[in-house]
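Report on one structure; see the data block that follows.
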Amino acid sequence: MENRTKKLPFRRYFSITRAGILEMAMFRSSRVLDFVGNMVYMIVVYFLWRAIYASTHTVSVNGMTFKQTLIYLTLAGAIFSTLNNYLVWKMGRDIQSGQISLFFTKPMDFFLREFFYSLGNVATQLVLTFIPTFLVVSILSGWSLPMGVNLLIFLPAIAMSLVISFSIDFMVGTVCLYSQSIWGINMMKEVIILLLSGATIPLAFFPEAFRNVLMFLPFQAIYNVPLMVLVSNTYTWIDYARALGVQAFWMVILVACARLFFRSSSRVITVNGG
Amino acid sequence: MISEQREKKEKLHRGAFYYPRIYRMIITQDIKSKMHYRADFYISTIGMLATNIAGFISFWLIFQSFPSINGWTYYEMLFLYAFSLLALTPVQLFFDNNWALRFNVYSGDFVKYCFRPLNLFFYYISETIDIKGAGQLVFGAGTLVYAWHHLGLEVSVRSMALLIVALTSASLVMIAMMNAAAATCFWVINSGTVMVFLFRFKDYAKYPMTIYNIGFQIVFSILIPIGFIAYYPSLIYLRAQDVSILTYLSPVIAVLFYYGSYKLWIRGAMKYSGTGS
């Protein structure tokens, strides 16, 4: 038993990933609505930015053409719904109901347990939301997206996006131990990430000083880095390596922060009743 | 029999102020219980304001690089945005309990609302007031005044009265959408997704309908009527020369949508048979 656990360190967590996938598969009509919602978002983004670009006479603004902006924003929307896992809500509810005490009695690490559960959700969403959106965008843009090594590099990039975004969610969820204001905290997190990562307005449109600051924050590593890997025609091996390096850097830092924060916070847990 | 007679008698004595008085009593209890979570109120209000400010910044960023959106200027877009925020405030403030409807229905707690001699919908909805919506009210009003001033719109009794009518009918449309979405929980299990799905559309209400092609203009006027949340009512102020017929019809349409959603909600509740425990 000892040996097998050593060979496959996360073996026992995969059953939790499976549970995450099954949960997603159970609510099939929700997945259909998710998909329709993303398509509507794509259509609104298309009409909005078509109207915006109609007001200029130049093809490219801040180095981005209409087509590039459209691809960037729709794929950002798809990544958002892929990574969106309601973790803050789940942790907040477990904390308020006292359920969280159950997890302390189990021979599993809470962080890893939650991570592998969302991995199941994210994997399902990747197949059901991201890939269809990617295909639709590729077809509508006339296959102008590069199809080569960028697709391979995108996989580790999106995996690291998941770890970064999960760690931030986990830290925000841990804050619920102190404040019990799930809605407000989750709202602030979403607004900050969506705006500062470039998922609402591409970072290229931000004033330069502002953008330079944002480049030093972890949020752009969630959306901007994997998206640039996917859509750029000019990336060289050095650019790919740098992109993945930036993500790895934030991943290590944020995972460490999330785990330390939770460990020190779990000492203050007060569970309601028995 | 006796209780029935008594009920009839009481109904006769309920004056015009019966429901407002009950409403005040129920809401007072809710506010008292919310006072225990003061930190939650502050954090939620900041969260709400952050969302509103992010919307503002998005427009500001777009207009840093572009002169207009399809002929709509920066202040006109802000007007539409502020109008939509104000129209979305009542649904946030007074109809927030719709979000809890599905949990009440699945757990069986909903039965408790069925045993009161009050209108079921009224009693259920009046149970909570979501005070964080007040932040949006202030931000929306401030932005509207700002845009109003820069557009040089007239300030008169007539324009203010029109604004109140326009905002009321716009709010009713959003309330109707969320009532209908919440009511789906009487028929389907995962109505939460339906609510989230429809709630997302409110974010698209701040754009002028002219950016869409004719197909989506029809969809957003009839099927998912977000055009009535900001665009059609705002035309009176922003494009007085080509006001759509839908602008004048919007109060009627809003009342119809609201009544339809109320009927749907009640129909679902009437068919509710509890969970058996």
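In what follows, chains carry the letters A, B, and so on, assigned in the order in which the sequence lines appear, proteins first and then strands, with residues in each chain numbered from 1. Side chains are part of it too, since the values below use all heavy atoms of this structure and drop only hydrogens, waters and symmetry mates.
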Turns out that what part of A/Ile192 lies under 4.5 Å from chain B's heavy atoms comes down to neither

Applying a strict 4.5 Å limit to non-hydrogen atoms, the region of B/Asn213 in contact with chain A is both

If one checks every heavy atom of B/Val194 against chain A at 4.5 Å, the contacting part turns out to be both

Item to check | Neighbour count >12 (heavy atoms, 6.0 Å) for atom CD, B/Gln29 | outcome: yes

Here the gap from A/Leu33 atom CG to B/Met195 atom CE, rounded to the nearest 0.5 Å, amounts to 13.0 Å

inquiry  = Can you tell me if A/Tyr86 has over 12 outside heavy atoms packed within less than 6.0 Å of its OH?
reply    = no

dist A/Met188:CE -> B/Leu49:CG (nearest 0.5 Å) comes out at 10.0 Å

Rounded to the nearest 0.5 Å, the CZ atom of B/Phe66 sits from the CD1 atom of A/Ile52 at a distance of 6.5 Å

Turns out that what part of B/Tyr212 lies under 4.5 Å from chain A's heavy atoms comes down to both

Cut-off 4.5 Å, heavy atoms of chain A, and the answer for B/Ile189 is side chain

Given A/Thr200, A/Val40, A/Asp34, the one with more heavy-atom pairs under 4.5 angstrom with chain B than any other is A/Val40

Next item on the list: Walk me through it: do A/Asn38 and B/Arg200 pass the test side chain to side chain contact (heavy atoms under 4.5 Å, CB included)?
Entry: CA-CA 10 Å; A/Asn38 280 314; B/Arg200 246 177 106 177; 3.9 Å; yes

Closest non-hydrogen contact found for A/Ile201 with B/Ser58 is CD1-O, 3.8 Å

Looking only at heavy atoms, the pair that brings B/Ala50 and A/Val191 closest together is O-CG1, 3.5 Å

The interface call for B/Trp60 against chain A, heavy-atom contacts under 4.5 Å, is side chain

When rounded to the nearest 0.5 Å, the distance separating CG of B/Leu61 from CG of A/Asn62 is 10.5 Å

Honestly, the part of B/Ile57 sitting under 4.5 Å from a heavy atom of chain A is side chain

Check the pair B/Met209, A/Phe47 against side chain to side chain contact (heavy atoms under 4.5 Å, CB included), reporting the backbone distance first and the verdict last. CA-CA 10 Å; B/Met209 296 290 276; A/Phe47 282 123; over 6 Å; no

One option among B/Phe63, B/Phe201, B/Phe220, B/Trp72 has the most heavy-atom pairs under 4.5 Å with chain A, and it is B/Phe201

In this structure, CD1 of B/Ile46 is separated from CD1 of A/Ile185 (nearest 0.5 Å) by 10.5 Å

Turns out that what part of B/Phe41 lies under 4.5 Å from chain A's heavy atoms comes down to neither

B/Ser68 and A/Ser55 have their tightest heavy-atom pair at O-OG, 2.8 Å

**Request:** Check whether any side-chain heavy atom of B/Pro67 sits under 4.5 Å from a side-chain heavy atom of A/Thr56, and report yes or no.
**Result:** yes

One option among A/Trp183, A/Tyr53, A/Phe205, A/Phe210 has the most heavy-atom pairs under 4.5 Å with chain B, and it is A/Trp183

Turns out that what part of B/Phe216 lies under 4.5 Å from chain A's heavy atoms comes down to side chain

Output for pair (A/Asn186 CG, B/Ile43 CD1), nearest 0.5 Å, gives 12.5 Å

